[in-house]
Amino acid sequence: MGGTAVKKIQQFWKFGRPEFNTQWFDTNAVGQLIVKEGNYQYNIFDLVKKYGSPLEIVFPHILEQKVENLFDAFHEAMRRYGYRGRFYYHYPMKVNQNKEFIIPLLSEGANLEVTSYNELWLLKKLWGQNHFNARIRVLCNGPKIPKYLDLIVELRNMGVAIIPIVDDIGELEYLRRFRGDIGVRVNLGVKVHSHWDKKFDQFGTTPEEILKVGRIKNLKILHYHLGSQIEHGDDLVRAAKKLMEFYLKLRQLNPTLDTLDLGGGFAVPYTKIKSYSVQGIAQRIVKTVGAMAKKAEVHPPHLIVEWGRYAAAPAQISIFKIIHEKPVGNGSKKCWYVIDGSFMNDLLDTWAIHQKWHVVPVNNMNARKLMPVWLTGSSCDVDDKYTASGTYIRLPRLEDLEEGESQYIAIFDSGAYQDALASHHCLLSSPAKIIAQDGDITIARRRETPEEIGKLFGW
Ligand SMILES: Cc1ncc(COP(=O)(O)O)c(C=O)c1O
C-alpha cells in the first residue's frame with residue numbers, strides 16, 4: 001500500500017487525532033491496526049491471533065500520557081493566571097479498579113478517590129506491599145458503613161494521608177473523634193448536559209444543611225460531583241463557579257477550609273468532536289475561581305479534579321472476532337455481524353446508556369468495499385447488540401476475506417467502568433486481558449474456563 005492509500009485509511013478511521021483520542025492508533029502497510037508507544041509499536045492483529053478473542057488490551061502509556069497532560073494543563077493555567085493554589089488529581093478508583101490501571105496512575109503522581117470499604121481495603125493491601133508512599137492522598141467518598149469508617153481511622157493511624165468526605169451529616173457524629181482533615185460533599189443540583197443529569201440526585205448534602213452545622217472540625221475540602229460525560233465545557237466551568245460561591249460562604253464559618261474538589265465529569269470524545277479541551281477547561285476554571293477569590297480577598301483554594309473516564313477510557317481497547325453474518329431483514333441493506341463476545345456482558349454501557357463507540361477493523365482496513373452492519377453479541381438477549389444509535393457501522397465484507405482468514409474488530413475507549421459492571425449472561429466467558437507496556441506483553445486475566453464460571457454459580 002502506498003503513502004496515499006495509508007493516508008486515506010488514517011483519515012477514514014480517524015487515526016492520529018487527539019480530538020478523538022486516536023493519537024496512538026495507526027495502520028500498517030497491509031491495513032492492520034497498530035498502536036504506538038514511543039518507538040515501540042503493537043500489531044493488534046498479531047496479538048489477537050496469539051492470545052485469541054475476545055480480548056481486552058490495556059495500554060498503561062496512554063493512561064500516563066493523559067495524566068501528564070492534565071497536570072501540564074492545570075500547572076500552565078495556574079502559571080498564566082498567577083494562581084497561588086496547588087493542583088491535585090485524584091483518580092476515582094470506581095472507574096477501573098484493575099491493578100494494571102492503578103499502579104501506572106500512582107507512578108504519574110495521581111492521588112486516589114475511593115467509594116467503598118472494599119476499594120479502601122485494596123488500598124490497605126497496596127500500602128502493605130509498599131506500592132505507594134505517604135504523600136499520596138486518599139479521599140473517601142460514598143455512604144460510610146461503620147467498618148468503612150473504622151478502616152479510614154486505621155489507615156490514618158498507619159500514616160496514610162486519608163481524608164473522609166462526609167456524604168451524610170450523620171457521619172459527622174462518628175468523625176468527631178477523627179483527628180485528621182475532613183471534607184464535605186455538597187449537593188448543588190447544577191443542571192448540566194449529560195445522561196447523568198437527574199431531577200433528583202441522592203448524593204451529598206444540601207448547602208442549607210451544611211451551613212446549619214456551623215463549624216466543622218478540621219474541614220479542609222468542599223466537594224461537588226456534577227455528573228459524568230458532561231457534554232458542554234461551559235457546564236464544568238459553571239459548576240466550578242457555583243461551588244466557589246458556596247465555598248466563600250462556608251469559609252466564613254470554617255476558616256480551615258482551603259480546597260475545592262470539582263469531582264469528575266470530563267467527557268471522552270467517543271465518536272464526535274467535543275467542543276472543549278483539557279487545556280481550555282483548565283484555563284477557564286483557574287481563571288474563574290482565581291478571580292472570585294481575588295474579589296473576595298481570600299487565598300485561592302487548592303483545586304482537585306476527579307476526572308476518571310478522561311484518563312481510563314482510552315487506555316483499553318476490546319477486540320472481537322466476527323463469527324457470522326446474516327441479513328437484518330425487512331428490506332434493509334444492512335447485515336448483522338455476530339461477535340464472539342457480548343455487549344451486554346462486557347461493554348454493558350452499550351445496553352445501559354446506549355453508549356456510542358468508535359469501532360474499527362483490526363485487519364483489512366484497506367478493503368475496497370465496506371458493508372453497512374449492525375453488531376450483535378453471542379448471548380440470547382435481543383438487547384445484546386450495537387447499532388450505533390440506529391445508524392450503522394461500516395466494516396469490511398466477509399466475502400472478500402481470504403480462505404481461512406477471520407475478521408476482527410476493535411472497540412476503542414473501553415477502559416472506563418465496563419470491567420466492574422461486567423456480567424455473565426448465558427455464562428459466556430469474560431474476555432482475556434493483556435497489558436502492552438514497554439514493548440512487552442503480559443497476561444492480566446486468562447480466559448475463564450467453564451469450570452471457573454460454574455464455580456461462581458455454585459457448581
Ligand atoms: C464522586 C465522583 N467522582 C468522580 C467520578 C468520576 O467521574 P468521571 O469518570 O465522569 O470523570 C464519579 C463518577 O461517578 C464520582 O461519583
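Side chains included, hydrogens not; waters and symmetry mates left out as well; all remaining heavy atoms used. Order of appearance sets the numbers: ligands from 1, and atoms from 1 within every ligand. In this chain, numbering begins with 1 at the start of the sequence shown.
Note: Phe20 and Tyr270 fail the aromatic proximity criterion, with ring centroids not under 6.0 Å apart.
When every heavy atom of Gln97 is checked against every heavy atom of Ala420, the shortest pair comes out as OE1-CB, 3.6 Å.
For the ring pair (Phe, Tyr, Trp, His ring centres under 6.0 Å) test, no residue two or more places apart in sequence or in another chain qualifies with His424. Legend: residues meeting ring pair (Phe, Tyr, Trp, His ring centres under 6.0 Å) with His358, ordered by chain and number and at least two apart, are Phe412.
Remark: Glu452 does not engage Lys455 in a salt bridge, criterion side-chain N to carboxylate O under 4.0 Å.
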Check ligand 1 for close polar pairs with the protein: N or O on both sides, less than 3.5 Å.
residue, atom, partner, partner atom, Å
ligand 1, 3 (N), Glu306, OE1, 2.6
ligand 1, 7 (O), Tyr417, OH, 3.3
ligand 1, 9 (O), Arg309, N, 2.9
ligand 1, 9 (O), Tyr417, OH, 2.6
ligand 1, 10 (O), Ser228, OG, 2.4
ligand 1, 10 (O), Gly265, N, 3.3
ligand 1, 11 (O), Gly265, N, 2.9
ligand 1, 11 (O), Gly308, N, 2.9
ligand 1, 16 (O), Lys94, NZ, 3.2

Which pairs would a plain distance check flag for residues 284-295, meaning a side-chain donor or acceptor within less than 3.5 Å of a matching protein atom at least two apart in sequence or in another chain?
residue, atom, partner, partner atom, Å
Arg284, NH1, Asp234, OD1, 3.0
Arg284, NH2, Asp234, OD1, 2.9
Thr288, OG1, Arg284, O, 2.6

